[in-house]
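Report on the structure given below.
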Amino acid sequence: MRVKRRAISEACGALFNTSARTRKSPLSMEILIGNNMVTYDTFTGADQKVRTIADIRKDFPILSRQVHGKPLVYLDSAASSQKPQAVLDTMSTYYQTYHANVHRGVYALSEEATAAMEKARIKVARFINAHKGKQIIFTRNTTESINLVAYSWGGANIHAGDLIVLTIMEHHSNLIPWQLLAQRTGARLEFIPITEDGFLRLDAYEQLLQQQPKLVAFTHMSNVLGTINPAKQMIAQAHAAGATVLVDGAQSVPHLPIDVQELDVDFLCFSGHKMLGPTGIGVLYGKRELLEAMPPFLGGSIMIRKVGLRESTWNDLPEKFEPGTASIAESIGLGAAVDYLSALGMENVLRHEQAITDYALQQLQSVPELTIYGPRSADKRGGVISFTLGDIHPHDLASILDQELGVAIRAGHHCAQPLMEHFDLAATARASFYVYTLPEEIDVLVQGLHKALEIFSL
Ligand code: PMP
């Protein structure tokens, strides 16, 4: 297939409108991919600025550094994204000018810090269209959010013999908490299988639903295959069968527009560090009636209403689930990350990633002996591509790319060992993309893969 890279570069570059100019109406750009004319629309960013990827990259100081004497090509955003200056500045301003503990002091600094953290909570709520800020529980990360639900909701609602439906493409973080719960309670676990090209077998899902599971928990987007699962449909089906649904949004919330009310999801879990925010802050969104009925997960500090020596009562949401000193700087930093993404517009983020993924899928076809796992088409997947190259170990591949060309990719089982087993693999290499990824960086990746083949054929 013939791909006009320059055209794609321009299209990707113009997906976010920045620069001083503003545009009233969207532009269209036609790109030749193989024999097909593909139209990529370009948009004014949600903040009404015309933006190019080159501009966006200037907001990320780390992207201008060199690695082994080469410009950094960062293709590991699915593991953790880089951070824009706005996030770094917001956190630094907090520490430099109004750091104090929150929800405790009645003096100016503490009140300012509390107000900033609560404002961040509201921003996160709006970002996913939650009804109320109190439905946003700040945790450390997706893993902690899922564990919170498994211990608290699971402990109260799951009993011996109850069925929990998961999928075989889950990250360990959406598997182990349910295994532990099943071991504690005697519940059963069943798994939705996948097709050859990495889609969930929805026919098998329907059959599992006939067994009336208590809980269905699945990833919205696979961190290995990139598959975007049909969450809305799956949630509606689960509800019709009487099940509660938890969605692992670690890979979807950073990359797709998410509306929890439209999805009608019961619990949604995600991490700040994968969506331009800092590490150490994650989110559990839950339906209010569910969160209110749930017992605390961790005890101590401000999660109480009244404490006696032998028993206590609990605070309202969200404090009931936020014991101990909060990740204050991190929550405020996450608020800044949400501002940044909202200004770009999540529709634009998705479009850019689909364009870049499309381009990568095309370009990778030039590499002999390359096997790509997951859906073949960019419109059915997110910006994550897992692959193996001949019999080169993915760790060797990642080292060569790093040493020779400054390319950072992930290699390993991606915390999805059952999925690896399904494909009879110990590991894959994985390249993943975000708002700052350029087509030129895909070219460097492809060049690196050719180089690795050369080195291993010597
Ligand atoms: N679920 C998925 C799908 C993920 O990709 C990840 C991170 N790789 C997690 C859960 C866990 O996220 P965290 O490490 O931030 O808790």
Side-chain angles (χ1 to χ4, degrees), residues 74-83 124 128 137-151 166-180 191-192 194 198-200 216-229 231 234 245-256 258 265 267-285 297-298 321 327 330-331 333-334 337 353 373-375 381-386 394 398 408-420 422 427-434:
Y74 188 72
L75 300 180
D76 198 19
S77 291
S80 198
S81 73
Q82 296 302 348
K83 323 298 172 201
V124 173
I128 58 168
I137 313 294
F138 284 137
T139 61
R140 274 189 312 139
N141 46 41
T142 305
T143 306
E144 186 175 298
S145 300
I146 298 172
N147 275 281
L148 192 165
V149 177
Y151 273 85
L166 308 169
T167 84
I168 72 151
M169 64 166 78
E170 295 313 309
H171 188 282
H172 298 166
S173 294
N174 197 27
L175 175 60
I176 313 290
W178 309 117
Q179 289 179 352
L180 292 171
F191 299 89
I192 310 172
I194 60 170
F199 293 108
L200 287 179
V216 173
F218 64 89
T219 185
H220 197 174
M221 178 177 139
S222 163
N223 64 315
V224 178
L225 305 170
T227 316
I228 298 172
N229 291 320
M234 290 175 68
V245 184
L246 177 141
V247 169
D248 173 353
Q251 295 296 342
S252 62
V253 175
H255 304 282
L256 322 172
I258 299 287
V265 63
F267 297 109
L268 177 72
C269 307
F270 53 100
S271 299
H273 69 97
K274 293 183 197 282
M275 52 188 288
L276 310 182
T279 53
I281 187 81
V283 173
L284 166 65
Y285 157 84
F297 171 42
L298 300 172
F321 293 113
S327 298
E330 290 77 6
S331 59
L334 176 59
E353 288 181 26
Y373 301 88
R381 61 185 298 154
V384 167
I385 300 181
S386 285
I409 61 160
R410 177 86 185 264
H413 53 61
H414 314 295
C415 293
Q417 283 183 357
L419 184 62
M420 292 289 127
H422 170 84
T428 68
R430 181 187 73 183
S432 56
F433 320 128
Y434 210 2

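On a predicted model such as this, the values are computed, not experimentally measured, just so you know. Indexing begins at 1, ligand by ligand and atom by atom, following the structure's order.
Of the protein's non-hydrogen atoms, Thr143 OG1, 2.6 Å is the one closest to atom 16 (O) of ligand 1. With respect to atom 3 (C) of ligand 1, the closest heavy atom belonging to the protein is Asp248 OD2, 3.5 Å. Taking atom 5 (O) of ligand 1 as the reference point, the nearest protein heavy-atom neighbour is Gln251 NE2, 2.7 Å.
Here the closest heavy-atom approach between residue Lys83 and residue Leu276 is recorded as CD-O, 3.6 Å. Between Ile258 and Val253 the shortest heavy-atom distance is CG1-CA, 3.9 Å.
Residue-ligand proximity, Asn223 to ligand 1, at heavy-atom distances under 4.0 Å covers atoms 5 (O). Under a 4.0 Å criterion applied to the non-hydrogen atoms of Thr142, ligand 1 contributes the atoms 10 (C), 12 (O), 16 (O). Atoms of ligand 1 found under 4.0 Å from any heavy atom of Ala250, numbered from 1 in the order shown, are 1 (N), 2 (C), 4 (C), 6 (C), 9 (C), 10 (C). The Thr219 neighbourhood of ligand 1 comprises atoms 3 (C), with distances under 4.0 Å to a heavy atom of that residue. In the vicinity of Ser271, heavy-atom distances shorter than 4.0 Å reach the ligand 1 atoms 12 (O), 13 (P), 15 (O), 16 (O). Every atom of ligand 1 with a heavy atom of Ser173 under 4.0 Å away is listed here by number and element: 10 (C), 11 (C).
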Taking it one step at a time, do Met275 and Tyr434 satisfy side-chain contact (heavy atoms from CB on, under 4.5 Å)?
-> CA-CA 9 Å; Met275 52 188 288; Tyr434 210 2; 3.9 Å; yes

Thr219 and His171: CA distance, side-chain angles, deciding distance, side-chain hydrogen bond (donor to acceptor under 3.5 Å, both in side chains) verdict | CA-CA 8 Å; Thr219 185; His171 188 282; over 6 Å; no

Given side-chain contact (heavy atoms from CB on, under 4.5 Å), test Val384 with Arg430 step by step and report yes or no.
-> CA-CA 7 Å; Val384 167; Arg430 181 187 73 183; 3.7 Å; yes

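For the ligand labelled ligand 1, residue Lys274 lies inside the 4.0 Å heavy-atom shell. Put simply, part of His273 is less than 4.0 Å from ligand 1, judged by heavy atoms.
Between the Ser432 side chain and the Ala78 main chain, a donor and an acceptor come within less than 3.5 Å of each other. With His414 contributing its side chain and Gly412 its backbone, the two residues share a donor-acceptor pair below 3.5 Å. Panel note: side chain His172, backbone Ala416; a donor-acceptor pair is recorded below 3.5 Å.
Ranked by closest heavy atom to atom 4 (C) of ligand 1, the top entry among Met169, Arg140, His171 is His171.
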